[in-house]
Protein chains: 2
Amino acid sequence: MDERKQRILQAIVQDYIESAEPVGSRTIARRHDLGVSPATIRNEMADLEMLGYLEHIHTSSGRIPSSKGYRFYVDDLLPSKPLDEEEKALIDKWYMERVRRIDEVFQETARIISHVTKNVSLVLAPQMTQAAFRCLQFLPLDDRRAIAVLMTDAGFIENKIVDMPDGAAFEDFQRMALVINGCLAGHTLDAISPAVMKNIREEIGDESLFEAAQEVIHRSLDTGKHERLYLGGTSEILSQPEFHDVEKVKEILLMFEEEQLLKDILHAHLGEGLKVTIGKENEVRGMQDCSLMTATYHLDGELLGTIAVLGPTRMEYGKAMTLLNYMNGHLADVVKKFRW
Amino acid sequence: MDERKQRILQAIVQDYIESAEPVGSRTIARRHDLGVSPATIRNEMADLEMLGYLEHIHTSSGRIPSSKGYRFYVDDLLPSKPLDEEEKALIDKWYMERVRRIDEVFQETARIISHVTKNVSLVLAPQMTQAAFRCLQFLPLDDRRAIAVLMTDAGFIENKIVDMPDGAAFEDFQRMALVINGCLAGHTLDAISPAVMKNIREEIGDESLFEAAQEVIHRSLDTGKHERLYLGGTSEILSQPEFHDVEKVKEILLMFEEEQLLKDILHAHLGEGLKVTIGKENEVRGMQDCSLMTATYHLDGELLGTIAVLGPTRMEYGKAMTLLNYMNGHLADVVKKFRW
DNA sequence: CGTTAGCACTCAACGTGATGGAGTGCTAAC
DNA sequence: GTTAGCACTCCATCACGTTGAGTGCTAACG
């Protein structure tokens with residue numbers, strides 16, 4: 001793969017991303033100053049096709065990049081492009097004006113991403129399982145039930161109704177809360193070990209109360225895992241010519257409805273930094289014509305969640321990458337403003 | 001509008017709903033046993049068009065119903081069709097198997113509606129503003145803040161961080177809670193009158209504490225108003241031939257993204273029982289080719305929320321109506337199971 | 001030996017015209 | 001009032017020729 005081939009591949013991918021039409025040797029020669037004639041480019045293109053970087057619908061149509069072609073482009077040929085100052089300002093203004101509560105941060109983040117990239121955006125809101133336990137408190141509800149309120153370090157609160165075992169009084173629950181708070185403080189919710197549980201058991205003493213505690217912890221964590229996904233710009237894909245086919249759109253909308261599936265996908269990419277999955281590299285049916293770019297964001301070293309751009313394989317990788325990188329850093333600052 | 005005209009109109013609407021193609025006099029004569037020849041039907045159709053119930057793309061295409069035609073059909077000609085026992089069983093099973101927590105009820109309700117009607121469904125989850133106040137409790141957070149936990153009769157819980165005024169101790173807040181609980185019990189959240197507030201003021205005595213109370217009530221209610229909307233079956237509209245045009249689909253998807261708009265629409269129909277808005281009767285741009293059927297559901301006489309079906313004007317009104325009526329009654333039972 | 005011009009060939013896209021079918025509207029007969 | 005008959009309209013479809021973009025190959029060039 002000599003330099004000229006790379007430049008030609010780059011030119012083809014860029015032109016195709018822009019025009020959405022198969023690109024021919026003549027166009028490349030005209031638009032990019034490669035110093036060679038269309039005939040030479042044709043020869044190189046034939047080579048690139050042989051190597052698997054380009055595809056051909058039929059003789060006499062131009063070439064389009066294959067998944068492998070895009071992959072090479074993304075990994076080695078992507079021109080770095082800093083974000084417009086203008087766009088940065090827009091983003092700041094957007095957050096300033098529209099976000100009032102912490103849960104609006106993610107909704108608006110999704111909006112911004114889809115607005116800037118003209119693609120679908122996905123934002124997986126911070127996950128309590130990754131957050132550190134802060135405290136658990138009980139409120140009396142009636143003589144058989146109490147409300148458990150769980151707080152994490154990152155400042156999220158969840159609540160849950162719990163049954164009190166026969167014979168237990170609300171005071172027992174308050175004592176239980178003290179024990180649990182003492183033992184669990186600082187632990188992340190998904191790393192509560194048997195050892196810690198044993199500790200709690202010993203401190204509580206009473207067996208039936210410990211069972212209740214177990215139940216409470218279990219159910220509280222269950223709520224905590226209930227992470228939220230925000231989707232933005234779903235209508236944007238319709239602007240892309242490759243999705244003028246209603247069948248394809250339907251497949252994608254169907255995928256959007258399967259929230260759990262999307263969450264799982266984003267989950268799988270958690271903690272991997274910025275990652276691009278191109279076309280057929282995606283295993284999920286319906287995403288084979290798409291590329292997914294994901295990034296995970298942190299707050300003081302603590303993993304928070306995932307933001308992603310979903311578009312056609314023909315998406316503007318450079319722009320999306322720049323944006324995600326920017327949002328990545330920025331999001332922590334915005335969240336911090338709402339932290340206590 | 002004599003009886004024969006009505007029967008012909010009914011036949012045309014039904015056939016058009018089924019086939020999505022303009023219907024001609026011959027088809028009507030063949031498929032419906034009206035005892036008259038196509039020529040007679042043609043004459044009647046010309047009359048119906050004159051009266052505004054039918055439309056005509058060009059000479060020599062069949063007729064399609066106008067908004068007025070659908071309106072008459074829905075109001076006067078709709079054959080009542082009870083729900084299949086089979087479908088009822090399916091719905092029960094669905095709720096049984098998939099719903100574990102109260103907030104999943106609405107998600108699944110949306111799924112069921114879109115699955116049965118093959119259209120988009122909307123479910124506005126119970127609104128705390130309409131719910132009766134049950135109690136408010138505080139939990140200490142640090143020395144300047146507390147967590148306010150608000151509960152309603154219908155069993156929904158919301159929480160919110162509140163600042164404590166300088167000099168106020170957590171004990172003051174607990175006293176405040178007692179007063180507020182005493183005064184507000186049983187009131188619906190959107191009907192807290194100045195008189196009640198005055199009462200609270202007198203009982204609290206301390207002025208700066210009352211201001212804090214006001215702030216707390218205000219902010220808690222603010223959270224309470226934060227109702228949720230569930231959307232289901234968005235991909236279903238793509239199956240309808242009238243939405244094979246990508247531009248139209250785009251307009252609708254765009255509308256789906258404007259959650260607040262949808263909430264407002266459903267809100268406007270709150271408490272009106274079952275209501276159908278047909279085609280151009282809709283004021284919202286993008287919904288002019290659609291019909292919206294809404295119904296509000298109750299729990300022990302208390303208004304809970306709205307369920308709706310959104311489809312092309314050509315939707316199966318009879319089926320949608322039957323289903324919404326059934327869900328209407330059923331939903332209360334399902335919610336009741338999670339009530340305490 | 002790499003590069004280039006030239007040329008034949010391929011294929012999609014487009015416009016054109018012919019054809020058929022579904023449906024209407026009108027008129028005259030029943 | 002109802003119906004059969006008929007001329008007319010319009011859409012959908014297909015076949016057909018044309019055009020233009022693009023390739024692949026070959027032979028000439030520096």
Side-chain angles (χ1 to χ4, degrees), chain A residues 1-9 11-66 69 241-242 244-245, chain B residues 1-9 11-66 69 241-242 244-245:
Chain A
M1 188 77 154
D2 58 32
E3 159 135 21
R4 194 172 67 186
K5 276 198 179 53
Q6 294 192 12
R7 286 187 60 195
I8 290 176
L9 178 57
I12 291 173
V13 175
Q14 276 170 8
D15 273 31
Y16 183 63
I17 284 176
E18 229 184 272
S19 69
E21 309 261 288
V23 347
S25 55
R26 199 195 176 79
T27 323
I28 296 293
R30 220 184 308 123
R31 305 247 297 248
H32 300 258
D33 202 19
L34 295 169
V36 288
S37 76
T40 309
I41 295 176
R42 272 206 293 284
N43 289 332
E44 295 285 43
M45 282 163 96
D47 290 354
L48 283 168
E49 187 173 348
M50 209 77 81
L51 293 167
Y53 294 103
L54 296 179
E55 279 171 10
H56 221 191
I57 311 296
H58 60 267
T59 6
S60 105
S61 84
R63 257 84 173 198
I64 61 171
S66 66
E242 39 267 83
H244 272 31
D245 174 19
Chain B
M1 189 78 156
D2 58 32
E3 159 136 18
R4 194 171 66 185
K5 276 196 180 51
Q6 294 191 14
R7 287 187 60 194
I8 290 176
L9 178 57
I12 292 172
V13 176
Q14 276 172 7
D15 273 31
Y16 183 63
I17 284 176
E18 226 184 275
S19 69
E21 309 260 288
V23 347
S25 54
R26 201 198 174 77
T27 323
I28 295 295
R30 220 184 309 124
R31 306 248 295 249
H32 300 259
D33 202 18
L34 294 170
V36 287
S37 76
T40 309
I41 295 175
R42 272 206 293 283
N43 290 331
E44 295 285 43
M45 281 164 97
D47 290 354
L48 284 168
E49 187 173 350
M50 210 77 82
L51 293 166
Y53 295 103
L54 296 179
E55 277 171 11
H56 220 191
I57 311 294
H58 60 267
T59 6
S60 104
S61 86
R63 257 84 174 198
I64 61 171
S66 65
E242 38 268 82
H244 271 31
D245 174 18

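Convention: sequence-line order gives letters A, B, ...; per-chain numbering from 1.
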message: Salt bridge check, B:Glu18 against B:Arg31: does any charged N sit closer than 4.0 Å to a carboxylate O?
response: yes
- request: Find the distance B:Asn43:CG to C:dC26:P and express it as a whole number of Å.
  value: 10 Å
- prompt: Under 4.0 Å between a side-chain N or O of B:Arg63 and OP1 or OP2 of C:dA22?
  reply: no
A:Arg42 vs C:dA5: side-chain N/O to OP1/OP2 distance below 4.0 Å: no
query: Roughly how far, to the nearest 0.5 Å, is the CG atom of B:Asp2 from the CD atom of B:Glu44?
result: 5.5 Å
- prompt: Quick one: the side chain of A:Ser60 and the base of D:dT23, do they pair up donor-acceptor inside 3.5 Å?
  reply: no
field: N or O in side chain of A:Thr27 less than 4.0 angstrom from D:dG22 OP1/OP2
entry: yes
- prompt: Can you tell me how far the CZ atom of B:Arg42 sits from the CD1 atom of B:Ile8, to the nearest 0.5 Å?
  reply: 12.0 Å
query: Quick one: A:Asp2 CG to C:dG2 P, roughly how many Å, whole number?
result: 11 Å
message: Can you tell me which nucleotide in D:dC11, C:dA5, C:dG23 comes closest to the side chain of B:His58?
response: D:dC11
Watson-Crick or G-U wobble partner of C:dC30, both distances under 3.5 Å: D:dG1
message: I want to check one thing: is the phosphate of D:dT2, taken as OP1 and OP2, less than 4.0 Å away from some side-chain N or O of B:Arg4?
response: yes
query: How long is the line joining CD of B:Glu21 and P of D:dC11, in whole Å?
result: 14 Å
message: Under 4.0 Å from OP1 or OP2 of D:dG22: is there any side-chain N or O of A:Ser25 that close?
response: no
message: Nearest whole Å is fine: how far is C:dT3 C1' from A:Leu34 CG?
response: 14 Å
- line: Heavy-atom nearest pair, A:Ile12 first then A:Val23, reads O-CG1, 3.9 Å
- line: Rounded to whole Å, CZ of B:Arg26 lies from C1' of D:dA4 at a distance of 12 Å
message: Any side-chain to backbone donor/acceptor pair from B:Thr40 onto B:Val36? Under 3.5 Å, distance only.
response: no
message: Is B:Ser61 close enough to C:dA22 that one of its side-chain N or O atoms is under 4.0 Å from OP1 or OP2 there?
response: no
Nearest-angstrom distance from the residue atom CZ of B:Arg31 to P of C:dA22: 14 Å
query: Given atom CE of B:Met45 and atom P of C:dT24, what is their separation to the nearest angstrom?
result: 5 Å
query: Does C:dT3 have a Watson-Crick or wobble partner in any strand here, with both distances under 3.5 angstrom, and which is it?
result: D:dA28
query: Of all the nucleotides listed (D:dA4, C:dT24, C:dT10), which has the minimum atom distance to the side chain of B:Ser37?
result: D:dA4
- prompt: Considering heavy-atom distances to DNA chain D, does A:Arg30 or A:Ala39 have its closest nucleotide positioned more toward the 5' end?
  reply: A:Arg30
task: Rounded off to whole Å, could you give me the CD1-to-C1' distance for the B:Ile28 and C:dT24 pair?
output: 14 Å
